[in-house]
Amino acid sequence: MSSLAPDIADRLKRTADGLVPAVVQQHDTGEVLMLGWMDDEALHRTLTTGRATYWSRSRQEYWIKGGTSGNVQWVKQVRLDCDGDTLLVKVDQEGAACHTGDRTCFDAVELPTRG
């Protein structure tokens, strides 16, 4: 049972496994840093501690960004999209957001597009 406020929980549209994707963005530049997954408890922890907390789909456990790496995400703002099925988490990122050591998870290779 999560402690997430009922008025927030009622607005969430979760996946079949109870998760909501969270797009993470640097608060002052708009740089997209990563995508994580939150359930109600992870969102509650994020909103109440000021530290971005996610649910690991591979390890099946909560993880606080920077808990072991030191690359902390200080939460500045959290918004829910118009459908209630995606979160936007604006953070102040310390160090790398990506587990590879890159600033963002979207640095690698640009995919070709038409136009």
A.B. asks: What is the distance from atom CD of Gln25 to atom CZ of Arg79, rounded to the nearest 0.5 Å?
C.D. replies: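 Here the interatomic distance stands at 10.0 Å.
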A.B. asks: Group every Ile, Leu, Val, Met, Phe, Trp and Tyr by side-chain heavy-atom contacts under 4.5 Å, then state whether Ile8 and Met38 land in the same group.
C.D. replies: yes
A.B. asks: Out of the candidates Thr53, Val89, Leu4, only one should pair with Leu47 under the side-chain contact (heavy atoms from CB on, under 4.5 Å) rule; please name it.
C.D. replies: Leu4
A.B. asks: Is it true that atom CZ of Arg11 has more than 12 heavy atoms of other residues, nucleotides or ligands lying nearer than 6.0 Å?
C.D. replies: no
A.B. asks: Do Leu19 and Trp37 have side chains that get closer than 4.5 Å, going by heavy atoms?
C.D. replies: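 Yes; the side chains approach each other to less than 4.5 Å.
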A.B. asks: Kindly compute the distance separating NE2 (His27) from CH2 (Trp74), expressed to the nearest 0.5 Å.
C.D. replies: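 Those atoms lie 12.5 Å apart.
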A.B. asks: Ignoring hydrogens, what is the shortest heavy-atom contact between His44 and Ser2? Give both atom names and the distance.
C.D. replies: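 So the two residues come closest at CB-OG, 4.2 Å.
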A.B. asks: Can you check side chain to side chain contact (heavy atoms under 4.5 Å, CB included) on Glu94 and Asn71, steps first, answer last?
C.D. replies: CA-CA 5 Å; Glu94 290 185 1; Asn71 296 327; 5.7 Å; no
A.B. asks: Which heavy atom in Gly67 sits nearest to a heavy atom in Arg51, and how many Å separate them?
C.D. replies: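 Heavy atoms only, the tightest pair is N-NH2, 4.1 Å.
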A.B. asks: Is there a chain of hydrophobic side chains (I, L, V, M, F, W, Y, each step under 4.5 Å between heavy atoms) that links Val78 to Leu80?
C.D. replies: yes
A.B. asks: Among the clusters formed by ILVMFWY side chains lying less than 4.5 Å apart, do Leu88 and Leu33 turn up in the same one?
C.D. replies: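 No, Leu88 does not connect to Leu33 through the hydrophobic network.
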A.B. asks: Is there a chain of hydrophobic side chains (I, L, V, M, F, W, Y, each step under 4.5 Å between heavy atoms) that links Leu87 to Tyr62?
C.D. replies: no
A.B. asks: Compare every heavy atom of Leu35 with every heavy atom of Pro21, then report the nearest pair and how far apart it is.
C.D. replies: CB-CD1, 3.8 Å
A.B. asks: Please check this pair: side chain of Asp102 against backbone of Thr104, looking for a donor-acceptor N/O pair closer than 3.5 Å.
C.D. replies: no
A.B. asks: Less than 3.5 Å apart, any donor N or O on the side chain of Gln26 or Asp92 sitting next to an acceptor on the other?
C.D. replies: yes
A.B. asks: The test is salt bridge (Lys or Arg N to Asp or Glu O under 4.0 Å); show your working for Arg14 and Asp40 and say whether it passes.
C.D. replies: CA-CA 9 Å; Arg14 302 161 189 83; Asp40 288 22; 2.8 Å; yes
A.B. asks: Could you check if a side-chain atom of Thr68 sits within less than 4.5 angstrom of a side-chain atom of Trp63, using non-hydrogen atoms only?
C.D. replies: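 Thr68 does not reach Trp63 side chain to side chain.
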A.B. asks: Got a donor-acceptor contact below 3.5 angstrom from the Asp81 side chain to the Asp83 backbone?
C.D. replies: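 Flag set: sc Asp81 to bb Asp83 pair under 3.5 Å.
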A.B. asks: So do the side chains of Met34 and Val24 get within less than 4.5 Å of each other, counting heavy atoms only?
C.D. replies: yes
A.B. asks: Are Tyr54 and Glu61 close enough that a side-chain donor and a side-chain acceptor fall under 3.5 Å?
C.D. replies: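 No donor-acceptor contact under 3.5 Å links the two side chains.
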A.B. asks: To the closest 0.5 Å, what do you measure between CZ (Arg57) and CG (Asp39)?
C.D. replies: 12.5 Å
A.B. asks: Can you tell me if Arg103 uses its side chain to pair, donor with acceptor, with the backbone of Ala97 under 3.5 Å?
C.D. replies: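 A pair under 3.5 Å: no.
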A.B. asks: Side-chain contact, heavy-atom cut-off 4.5 Å: Val23 with Thr86?
C.D. replies: yes
A.B. asks: Backbone N or O of Ala96 within a donor-acceptor pair of the Gln93 side chain at under 3.5 Å?
C.D. replies: yes
A.B. asks: Report, as yes or no, whether the 6.0 Å neighbourhood of atom CD on Gln60 holds more than 12 heavy atoms from other residues, nucleotides or ligands.
C.D. replies: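 Above 12, so yes.
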A.B. asks: Less than 4.5 Å apart, side chain to side chain, heavy atoms only: is that true for Leu12 and Leu43?
C.D. replies: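 The answer is yes; the side chains approach within 4.5 Å.
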A.B. asks: Mind checking whether Val20 and Lys13 have side chains closer than 4.5 Å, heavy atoms only?
C.D. replies: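 When only atoms from C-beta onward are counted, Lys13 and Val20 do not touch, as no gap falls below 4.5 Å.
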A.B. asks: For the OG atom of Ser69 and the NE2 atom of His99, what is their distance to the nearest 0.5 Å?
C.D. replies: 11.5 Å
A.B. asks: Charged N to carboxylate O below 4.0 Å: is that the case for Asp28 and Lys76?
C.D. replies: no
